Amino acid sequence: MKTGVRIEAAALTALVEAIFRAAGCDADEAMRIATCLVRANLTGHDSHGVIRVPRYLQWLDEGRVHPGQRIAVVCEADAFAVVDGAHGFGQTIGPQAVQLGIDKARRAGAAVIALRRSGHLGRIGDWAEMAAAAGLVSIHLVNVSGSLLVAPFGGVDRRMATNPLAIGVPVPGATPIILDFATSLVAEGKAMVAYDGGKVLPPDAFVCEDGSLSDDPAVFYGPRHPDADAPPSPAGGTGALRAMGAHKGSGLSILIELLAGALTGSGCAGPGPRPFANGMLSIYLAPERFDTEGGFVAEVKRYVAFVKSARPATPGGEVLVPGEVERRTAAARRATGIPLPDKTWRGLIEAARRLDADKGVIAAALDAAMDEPV
Ligand code: NAD
């Protein structure tokens, strides 16, 4: 039975770019959105990949995200700035805010950028990778006002978003170390992927109203909608995602709300309807300005090798450092293509046809997609 397709990254990128051009984005923005979403699929984070397209289009239709925006600097000094993303696409606003942080940190040695009201910033590791490529250490705390998904430790009601954290350390001559995760046990997009027939979730991913635990995304999204192509809405269910790491992850998520939501001016989660916005507090550090003894790079490399030398817990296992799984998955998917559940694929083709996107690109994508179980 057909359950999905596998498609090469270039054809998928072209299809998503054509969709966003047809939806009203200019060519550069459409390409940025497509590249970021497909990069998330390449790195194995399907939750932040092309599965997002229907929801982004719905937000565009509803005026909840705006094409062609630039960050506005609200206030700044040599080593910090508060910037407003005005609900522009995160794939447009994110790189502008990160570039400002890079420029300031290069001049001052360190910089803090408080970004408010950005559209969905996608995979936050992208921004740590951009800073690392410029030779900078960076830390990114992200909240999501307008998104109430996660129960605090000890509670069953949603009070936080999935509030990701990313930290990047550049390693000259080697690949950067990139830690990037949601502070919920599973990222919401992973629940969406599971709802669409993708990977199975851990048995304690959700907490139900009665306090019991579940792995069923219907607890969170509600019963499957008869219109199979409609994007699932978290408003449909009564359960909540659980924070990772019990009280510690829950506490981290609450502090991210305070720093990325309250301090940036983007706003914290709930209650009541609020416009969707990512707030992001980012810290950039130029390692050479801290490295008075000139030993930083050698010490990073020595320590990473020491970590990886730990004996595996399972026979044939291996200790990996942050970022390694993503690099390996990207290499494999570049070689063999990106697997997509059938529903995700049909949603893309349907959106492309509905928007009257470039027919040649749609035909090429259909040609490139090979049926396979996903
Ligand atoms: P995850 O649980 O897959 O964790 C990923 C991190 O763990 C990476 O740093 C990875 O290198 C590391 N890792 C994975 N397996 C490892 C292993 N075996 N050994 C050592 N390290 C390992 O990530 P997630 O929580 O599902 O997050 C997925 C994505 O969702 C992230 O990119 C995050 O930025 C994004 N996100 C975005 C938003 C938003 O509002 N924009 C919200 C939530 C999450």
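Just so you know, these numbers come straight off a predicted model, no measurement behind them. All ligand and atom numbering here is 1-based and tracks the order in the structure.
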By number and element, which atoms of ligand 1 are closer than 4.0 Å to a non-hydrogen atom of [X]?
X	value
Leu179	9 (O)
Gly323	11 (O)
Pro322	11 (O)
Glu326	5 (C), 8 (C), 10 (C), 11 (O)
Thr162	42 (C), 43 (C)
Gly122	37 (C), 38 (C), 39 (C), 41 (N)
His120	39 (C), 40 (O), 41 (N)
Ala182	24 (P), 25 (O), 27 (O), 43 (C), 44 (C)

To the nearest 0.1 Å, how far is [atom] from its closest protein heavy atom, and which atom is that?
atom	answer
atom 30 (O) of ligand 1	His48 CE1, 2.9 Å
atom 20 (C) of ligand 1	Leu320 O, 3.4 Å
atom 2 (O) of ligand 1	Lys190 NZ, 4.5 Å

Residue Lys359 excluded, over 12 heavy atoms near NZ under 6.0 Å: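 No, not enclosed.
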Polar atom proximity, Ile178 to ligand 1 (N or O, under 3.5 Å):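 By distance alone, the answer is yes.
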Polar atom proximity, Asn278 to ligand 1 (N or O, under 3.5 Å):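 Between Asn278 and ligand 1, an N or O pair is found under 3.5 Å apart.
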Basic-acidic side-chain contact under 4.0 Å: Glu299, Arg302: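 Yes, charged N to carboxylate O under 4.0 Å.
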Salt-bridge present (Asp78, Arg107; N to O < 4.0 Å):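 Result for this pair is no, no salt bridge flagged.
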Contact check, Ala166 vs ligand 1, heavy-atom distance below 4.0 Å: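 Ala166: no contact with ligand 1 (<4.0 Å).
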With a 4.5 Å cut-off on side-chain heavy-atom distances among I, L, V, M, F, W and Y, is there a chain of contacts connecting [X] to [Y]?
X	Y	result
Leu179	Ile177	yes
Phe181	Ile283	yes
Ile33	Ile71	no

Proximity of Val319 to ligand 1 by residue part, where a heavy atom lies under 4.0 Å: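 Looking at Val319 and ligand 1, no heavy atom falls under 4.0 Å.
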Contact partition for His45 relative to ligand 1, non-hydrogen atoms under 4.0 Å: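 Side chain only.
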Option set Val186, Asp180, Asp126, criterion heavy-atom distance to atom 9 (O) of ligand 1, minimum: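 Residue with the shortest heavy-atom distance to the ligand atom: Asp180.
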Selection from Asn163, Val325, Val144 by shortest heavy-atom distance to atom 17 (C) of ligand 1: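 Checking each option, the heavy atom nearest atom 17 (C) of ligand 1 is found in Val325.
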Test item: protein heavy atom less than 4.0 Å from atom 23 (O) of ligand 1: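 Neighbour list for atom 23 (O) of ligand 1 includes protein heavy atoms (cut-off 4.0 Å).
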Option from Val16, Leu37, Val50, Val65 for which side-chain contact (heavy atoms from CB on, under 4.5 Å) with Tyr56 holds: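 That would be Leu37.
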Give a yes-or-no answer on whether the side chains of [X] and [Y] include a donor-acceptor pair shorter than 3.5 Å.
X	Y	value
Ser214	Asp216	no
Thr183	Asn163	no
Glu188	Thr162	no

Counterpart residues, salt bridge (charged side-chain N to carboxylate O under 4.0 Å, His left out), relative to Arg39 (two or more places apart):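 Arg39: salt bridge (charged side-chain N to carboxylate O under 4.0 Å, His left out) contacts with Asp126.
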Show the atom names and distances, to 0.1 Å, of all donor-acceptor pairs under 3.5 Å that link a side chain in residues 329-339 to residues at least two apart or in another chain.
residue, atom, partner, partner atom, Å
Thr329, OG1, Val325, O, 2.8
Arg333, NH1, Asn41, O, 2.5
Arg333, NH1, Asp46, OD1, 2.8
Arg333, NH2, Asp46, OD2, 3.4
Thr336, OG1, Arg6, NH1, 3.4
Thr336, OG1, Ala332, O, 2.9

